[in-house]
Amino acid sequence: MEEFVAQLLDLQDCDRSIDRLKADLESIPREVKIHRKDTEGHEAKFSLFRDSLDDIRDRQDKLAGDRRDSVTRVADYKSRLISLKSNSEYTAMLKQITHTEKMIDRIDNMIIEAMYEEDEALLALEKALKERDRAVKRSGIREESLKEKLRELENSLGLMEVRRAEIAAKVDPKHLKMYEKSRSAGHREVVTGVKNGSCGGCLTKIPPQSTGEIKGGKTYTCPLCGSYVVWTSDSSF
Ligand SMILES: [Zn+2]
């Protein structure tokens, strides 16, 4: 392999690592976002259960108030019974008392029902609370390790960029310029290997004679994609 091709190959390996590191770095904020969203979901579920428990308790307060009023009313009706003069007034008042007492029974049933609902809502809330706390803890740990990973990646990237600069400094400016231009045009394999007798960059068949020469160490420039085609460890005819 000609020296400048070997240098470009080194440079290309370096750039590949840099690309990978940058992609990994970009994935971290996305992952953090996913974890935060998960926590928010648990938070929302928790407040939903808390709201429903609050509703039940409001209802319980109202029922207790209604019951107190009805009990007061019954006591009042009963106290007025003695002073009633006519039979019809007395009968009407007794009816009123029976009616209100039945209402108290209905309220009592609703109070018991609401107590069961409260128990269930409390259990659901406790479960949601545990799940939320678990999610918060899990996200916290994950976020910490992602921050750690971020620092490591930034560190590796810094080192790799230094290494790249060192390699680039050794490459003939003419070849370096060609390489950079090709890469900025989206060409990721400026130096490529022979793959099944074809250019590894664009898969165009290479004449058998040229393939032989490539194996012998000669650099071949692909007429289609412009890649430098060399013989690599995984190359084949
Ligand atoms: Zn090609």
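Along the sequence shown, residues are numbered consecutively beginning with 1. Values reported hereafter were calculated over all heavy atoms of this structure, with side chains retained and with hydrogens, waters and symmetry mates removed. Treat the numbers as computed from the prediction; the structure is a model and nothing was measured. Counting convention: from 1, in listed order, for ligands and their atoms alike.
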Number of protein N, O or S atoms [distance to the Zn ion (ligand 1) under 2.8 Å]: 4

Do the side chains of Asp38 and Arg138 get close enough for a salt bridge, i.e. N-O under 4.0 angstrom? yes

Decide, yes or no, whether a salt bridge links Arg163 with Glu166 under the criterion of side-chain N to carboxylate O below 4.0 Å. no

For [X], enumerate each residue passing the salt bridge (Lys or Arg N to Asp or Glu O under 4.0 Å) test, keeping only those at least two apart in sequence or located in another chain.
X	answer
Glu180	Arg164
Glu143	Arg36
Lys218	Glu213

Do Met115 and Ile107 sit in one hydrophobic cluster, given that two such residues count as connected whenever their side-chain heavy atoms are within less than 4.5 Å of each other, even indirectly? yes

